[in-house]
Amino acid sequence: MFFSDIVFAGNGNVTQQGSGGWLGSALGGGWGIRADSGAVVTPQTALALTAVQRAVTILAEAVAQLPVNFYQTTPDDGRTLVRDHPAYALLRVAPNAFQTPFQFNEFKQLSLGLRGNAFALKFYDRGGRVNSLYPLNADRVQVMVSPVDRMPYYRILRMPDGIEGIFPLRDIHHVRWISDNAYTGISPVSLHRDAIGVALSTERHTGKMFGNGTHLSGVITRPATAPAIKDPAGIERITTEWAAKYAGTDNAGRVALLQEGMDFKPLSMSNEDAQLIAARQYGVRDIARIYGIPAHMLGDLDRATHSNIEQQSLEFVIYTLMPWLKRHEEAMERDFLSDEERLGGMIIQFSVAGLLRGDITSRYAAYAQARQWGWMSINDIRRMENLPPVAGGDIYLQPLNMTDARTPQPGIPPAGQPARATDKQIAAIEALLS
């Protein structure tokens, strides 16, 4: 098999084959990019930022907690749950011998959030069915393009357990973020290295300032005409006694007596401190923009209210989480369903009903309306609440004042037929004419 000279690194960087970009990964060095701020940005250093860590884990845990379901669509636009598909147990019970489905999907989404790609190697049983998925470090995977059919092939650099080689698309489960080459996703960390680098530099500056600097709550001054206290022990005694009597919350509100013209001057927050706090807050909001996550979910509650938090949480599910879920779903359909099954209407979907249920009062009010108007039964509602069905719970109600428009009603002609006068109406008209 002959490949082109372009190799797309699985960590989201595009390099020429044989260049230092993926060679560093081959030697175990990973990859790192120096931002304009001077900070070296890697997935590991970015993950050390609390805002990045919270953003990628929110997405990873949200995806991992959702159950994966197989459905067979029907000609009447309905669908039935499928549990006997060979990949059902793989995605719902155990993807491999050492991971749960939650851990496997969490790893995939975390890799996507940091590197823009998630890879897993398929293992097969003697019948040719996939019976195990081995998660791969995206830093150890290169995507090569065949000049013959333009299909991707995956080179796995030697893993700690000895796995290596070149594998076709059918042997790899690959989920990608947005791409500028159609083969690999772009790393969010690499793409936004300058924004993340500013946040890293701010954190580093804050740590150095607290480690090497001083921060005073106030100073005690004496008149310039007063003689200097030459004994260091005397100065230590004054400051120690002052702190013991007047520092801390237990001593708040006490009255102090100063002699010899002494004066205590509290020190307020400096402009540099205020700018540092503003810079750290801006870094959190910038990272929230990168991942499309509401700022309040990253701990920034400055502009949050009770009313807009609920709306923002709903927008998070619709506009942030759903595109990620769609990427996972379509990749699973491509990699675990045959062409015949996909053309026959089989689909794989995450169940997001639990994320959209809202509070218990709103949920029960919606159930009552659905039950009253007849589009949900008792057992439909119980399934939504993870409760077992009950006998007679599959009956759908219909309000008494609602009837089928096709059913003839007394005195009302069927649809499409002209109205006819009754005998009484005809007699009255004839009497009036005569």
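Model, not experiment: these values are computed from the prediction. Residue numbers count from 1 along this sequence.
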- Using the side-chain contact (heavy atoms from CB on, under 4.5 Å) rule, take I172 and L121 through it: C-alpha gap first, then chi angles, then the decisive distance, then the call. CA-CA 5 Å; I172 300 291; L121 178 62; 3.7 Å; yes
- Y154 and D171 side chains, donor-acceptor separation under 3.5 Å: no
- Message: Run D380 and R383 through side-chain contact (heavy atoms from CB on, under 4.5 Å) and show every step you take.
- Response: CA-CA 5 Å; D380 291 335; R383 275 190 289 269; 2.6 Å; yes
Side-chain heavy-atom pair [X], [Y] within 4.5 angstrom cut-off:
| X | Y | value |
| --- | --- | --- |
| Q142 | T184 | no |
| Q65 | F102 | yes |
| Y364 | Y367 | yes |
| I290 | L191 | no |
| E203 | L200 | no |
| T42 | V189 | no |
| R150 | Y183 | yes |
| M332 | F350 | yes |

- Item | Residue list, salt bridge (charged side-chain N to carboxylate O under 4.0 Å, His left out) with R382, at least two apart or on another chain | none
- Item | All salt bridge (charged side-chain N to carboxylate O under 4.0 Å, His left out) counterparts of R34, not counting sequence neighbours | none
Is there a donor-acceptor contact under 3.5 Å from the side chain of [X] to the main chain of [Y]?
| X | Y | result |
| --- | --- | --- |
| Q349 | E329 | no |
| S351 | P67 | no |
| Y153 | I166 | no |
| T45 | V40 | yes |
| S146 | M151 | no |
| R176 | G116 | no |
| D286 | G283 | no |
| R115 | N137 | no |
| E333 | I347 | no |
| S37 | G197 | yes |

Distance check, rounded to the nearest 0.5 Å: [X] atom [atom1] versus [Y] atom [atom2]?
| X | Y | atom1 | atom2 | result |
| --- | --- | --- | --- | --- |
| F123 | N131 | CZ | CG | 9.0 Å |
| H174 | R334 | NE2 | CZ | 7.5 Å |
| R371 | L397 | CZ | CG | 3.5 Å |
| R155 | F167 | CZ | CZ | 12.0 Å |
| L112 | H328 | CG | NE2 | 5.0 Å |
| L49 | I287 | CG | CD1 | 5.0 Å |

- Keeping to residues at least two apart or across chains, list the salt bridge (Lys or Arg N to Asp or Glu O under 4.0 Å) pairs with something in residues 36-63. none
Give the table of side-chain donor-acceptor pairs shorter than 3.5 Å for residues 85-100, with sequence neighbours excluded, one pair per line with atom names and distance.
{"unit_1": "H85", "atom_1": "ND1", "unit_2": "A87", "atom_2": "N", "d": "3.0"}
{"unit_1": "H85", "atom_1": "NE2", "unit_2": "E341", "atom_2": "OE1", "d": "3.1"}
{"unit_1": "H85", "atom_1": "NE2", "unit_2": "E341", "atom_2": "OE2", "d": "3.1"}
{"unit_1": "R92", "atom_1": "NH1", "unit_2": "V68", "atom_2": "O", "d": "2.9"}
{"unit_1": "R92", "atom_1": "NH1", "unit_2": "N69", "atom_2": "OD1", "d": "2.6"}
{"unit_1": "N96", "atom_1": "OD1", "unit_2": "F98", "atom_2": "N", "d": "3.1"}
{"unit_1": "N96", "atom_1": "OD1", "unit_2": "Q99", "atom_2": "N", "d": "2.7"}
{"unit_1": "N96", "atom_1": "ND2", "unit_2": "Q99", "atom_2": "OE1", "d": "3.0"}
{"unit_1": "N96", "atom_1": "ND2", "unit_2": "L133", "atom_2": "O", "d": "2.8"}
{"unit_1": "T100", "atom_1": "OG1", "unit_2": "Q103", "atom_2": "N", "d": "3.2"}

- Item | side-chain hydrogen bond (donor to acceptor under 3.5 Å, both in side chains) pairs, two or more places apart, involving residues 316-326 | none
Locate the shortest heavy-atom distance separating [X] from [Y]; write the atom from each residue and the value.
| X | Y | result |
| --- | --- | --- |
| A39 | S201 | CB-OG, 3.7 Å |
| K122 | V130 | CD-CG2, 4.0 Å |
| V175 | A331 | CG2-CB, 3.7 Å |
| S187 | L114 | OG-O, 2.8 Å |
| G185 | N117 | N-OD1, 2.8 Å |
| K108 | A118 | O-CB, 3.4 Å |

- Task: Evaluate side-chain contact (heavy atoms from CB on, under 4.5 Å) for I58 paired with F316, printing each intermediate quantity in order.
- Result: CA-CA 11 Å; I58 281 177; F316 164 74; 3.7 Å; yes
- Is atom CG of L81 surrounded by more than 12 heavy atoms (other residues, nucleotides or ligands) closer than 6.0 Å? yes
- Message: Suppose we screen for ring-ring contact (aromatic ring centres under 6.0 Å, His included). Which residues come up paired with F336, at least two apart in sequence or across chains?
- Response: H173
